[in-house]
Amino acid sequence: MRGYGARHFGAGIALALAVLGLAGRAEAAERLRAVATFSILGDLVRQVGGERVEVATLVGPDADAHGYSPAPGDGRILSRAEIVFVNGLGFEGWLDRLIRASGAKAPVVVAANGVRTIATRHDHAGDHGHAHAGEAEAGADPHADPHADPHAWQSIANAKVYVANIRDGLAKADPAHAEDFSRNAAAYLAKLDALDGEVRAAIAAIPPEHRRVITTHDAFGYFGAAYGLRFIAPQGVANESEASPRSVARIIRQIRQEQVPAVFLETIADPRLMEQIARESGAKIGGRVYSDALSGPSGPAPTYLDMMRSNLREFSAALGRG
C-alpha cells in the first residue's frame, strides 16, 4: 500500500503540474495581440497593456519608420493582430498598402488623435481615433493635415494623449481587463509628469543664448515648442528627404551668425551631412540623440522614458555651459 500510495501521490503531483502548465499556456494565449508600427509607440503600448497584452512592433529599435519597406513577415504579424496602434499624422505612409495586403480586420487606433499639431496652424477636428483595417482608410488618419509634423511624441504632454488613446483602445478591445489598463495608464502618466518636471528643470539651467540646436532632420519641433529650445535642421520632417546645397549653406551661415554651439547626430540618420556642417561652421558635434526610434535593450534609450532622459543629457552636456 505504501508503494501504491507513493505512486498515486507522485501521479497526483504530476497531474497538478501539468494542469498548471496548461493554465499558464492558456493565460499566455489569452493575452491581447497588439501590433504597434514603431518602437517608441510599441513601448507606450507595453506600459499601458502590461501583462495583459502581447505587443509586436513592425519597425524595431534604431530603425527609421519614415522610409520603411515592409518585410514579408509584417503582413503575417498584422493578420494575427487583435488591435493595431499607429502614430497617424502621415507618419506611416507605407502602412495602408500593408494592411490591405495582409487582409487584417483588427481595429486601428491612431495614437496621436487629439494632439495639437505644429508646422501648420490648423488641426482638422473630428473623431478619427478608431478605424478598421478593412476600411478604405486602413491604418491612416484620413483627416490629418498632410503638412503637420508627425513627431508629436517628442512633447511629453502629447505622449500623455497617446497613453490615453492607447488605454481607451485596449479597454474597448478587451473590456474584461479595462481596469488593469486604466491602472497601468495612471501609473505611467505619473511617471510622465515627473519626467516633464525633469526636462523643464534641465532646460532652465541652459543659458538662454545657448538654447539653439542643429539636428539632422526636423524631428524635435514639438520638444522645442514645449520646452523652449530652438531646433534647426537641414532636412524636412521626413528623414529620407535630401538637404539641398542651398539649405546646407544657409544653416552654416546661421550657425556662424548666431554662434550655435553644437550640432547633434540622430541615431537613424547618416552622420556625414552633420559632420560636414560642423566642420564648415566650426560648431562642435554633440552626442547622438534619438528622434524616431528607441535603442536596443543594451543601449541608452530602450524605453520612451529612457529616450527622453538620454536626449536631455546630451542637450544639457553640449549646451549647458555658460
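In what follows, every heavy atom counts, from backbone to side chain, and hydrogens, waters and symmetry copies are set aside.
When every heavy atom of Phe181 is checked against every heavy atom of Ala171, the shortest pair comes out as CD1-N, 3.7 Å. In this structure, Leu32 and Ala173 approach most closely via the heavy-atom pair CD2-CB, 4.0 Å. Summarising the geometry of Val163 relative to Ala185, their closest heavy-atom pair is CG1-CB, 3.9 Å, with the distance given to 0.1 Å. In this structure, Val59 and Ala63 approach most closely via the heavy-atom pair CG1-CB, 3.7 Å. Here the closest non-hydrogen pair linking Pro150 and Tyr162 is O-OH, 4.2 Å. Taking both residues in full, the closest heavy atoms of Asn165 and Ala111 are given as ND2-O, 2.8 Å, listed atom of the first, atom of the second, then distance.
Contact annotation: the side chain of Asp64 approaches that of Asp292 to within less than 4.5 Å [non-hydrogen atoms, C-beta and beyond]. Side-chain atoms of Val108 and Val86, non-hydrogen and from C-beta on, do get closer than 4.5 Å to each other. Side-chain contact between Phe85 and Val35: absent, with no pair of heavy atoms (C-beta onward) separated by less than 4.5 Å. Looking at Thr117 and Leu89, their side chains come closer than 4.5 Å, going by heavy atoms from C-beta outward. Within the 4.5 Å cutoff, the side chain of Tyr227 has heavy atoms near those of the Ile156 side chain. The shortest side-chain heavy-atom distance between Ile83 and Pro107 falls under the 4.5 Å cut-off. Phe315 has its side chain within reach of Phe223: a pair of non-hydrogen atoms, C-beta onward, lies under 4.5 Å apart. Residues Thr37 and Tyr68 fail the side-chain proximity criterion, which asks for heavy atoms closer than 4.5 Å.
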Which is it for Arg46 and Thr57 under the side chain to side chain contact (heavy atoms under 4.5 Å, CB included) test, yes or no, and what are the steps along the way? CA-CA 11 Å; Arg46 289 186 186 93; Thr57 303; 3.5 Å; yes
If you apply the rule side chain to side chain contact (heavy atoms under 4.5 Å, CB included), what do you find for Asn87 with Glu92, and how did you get there? CA-CA 7 Å; Asn87 184 74; Glu92 303 99 339; 3.2 Å; yes
Residue pair Lys160, Asp193: steps toward the salt bridge (charged side-chain N to carboxylate O under 4.0 Å, His left out) verdict: CA-CA 9 Å; Lys160 294 170 68 174; Asp193 284 336; 2.6 Å; yes
Evaluate the criterion side chain to side chain contact (heavy atoms under 4.5 Å, CB included) for residue pair Asp174 and Asp180; output intermediate values, then yes/no. CA-CA 10 Å; Asp174 186 4; Asp180 294 323; over 6 Å; no
Determine, stepwise, if the pair Val84 / Leu78 fulfils side chain to side chain contact (heavy atoms under 4.5 Å, CB included). CA-CA 8 Å; Val84 178; Leu78 278 174; 3.9 Å; yes
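The distance from atom CD1 of Ile166 to atom CG of Asn184, rounded to the nearest 0.5 Å, is 11.5 Å. Note that CD of Glu54 is 7.5 Å distant from CZ of Arg33, once rounded to the nearest 0.5 Å. How far CG of Leu58 is from OG of Ser39: 11.0 Å, rounded to the nearest 0.5 Å. The CZ atom of Arg313 sits 12.5 Å away from the CE atom of Met308 when rounded to the nearest 0.5 Å. If you take OG on Ser291 and CZ on Phe220, they are separated by 5.0 Å, rounding to the nearest 0.5 Å. Taking OG from Ser102 and CG from Asp74, the interatomic distance works out to 9.5 Å, rounded to the nearest 0.5 Å.
Of the candidates Asp43, Leu312, Leu294, Met307 forms a side-chain contact (heavy atoms from CB on, under 4.5 Å) with just one, namely Leu294. Residue Leu229 is tested with Arg212, Arg211, His210 for a side-chain contact (heavy atoms from CB on, under 4.5 Å); the sole match is Arg211. None of Phe38, Tyr304, Tyr222 except one satisfies the ring pair (Phe, Tyr, Trp, His ring centres under 6.0 Å) rule with Trp153; the exception is Phe38. Checking each of Val199, Thr303, Leu195 against Arg309 for a side-chain contact (heavy atoms from CB on, under 4.5 Å) leaves exactly one that passes, namely Leu195.
Other residues, nucleotides and ligands place more than 12 heavy atoms under 6.0 Å from the CZ atom of Arg200.
Using cut-offs of 30° and 60° on the angle between ring planes, the pair Phe91 and His66 is perpendicular.
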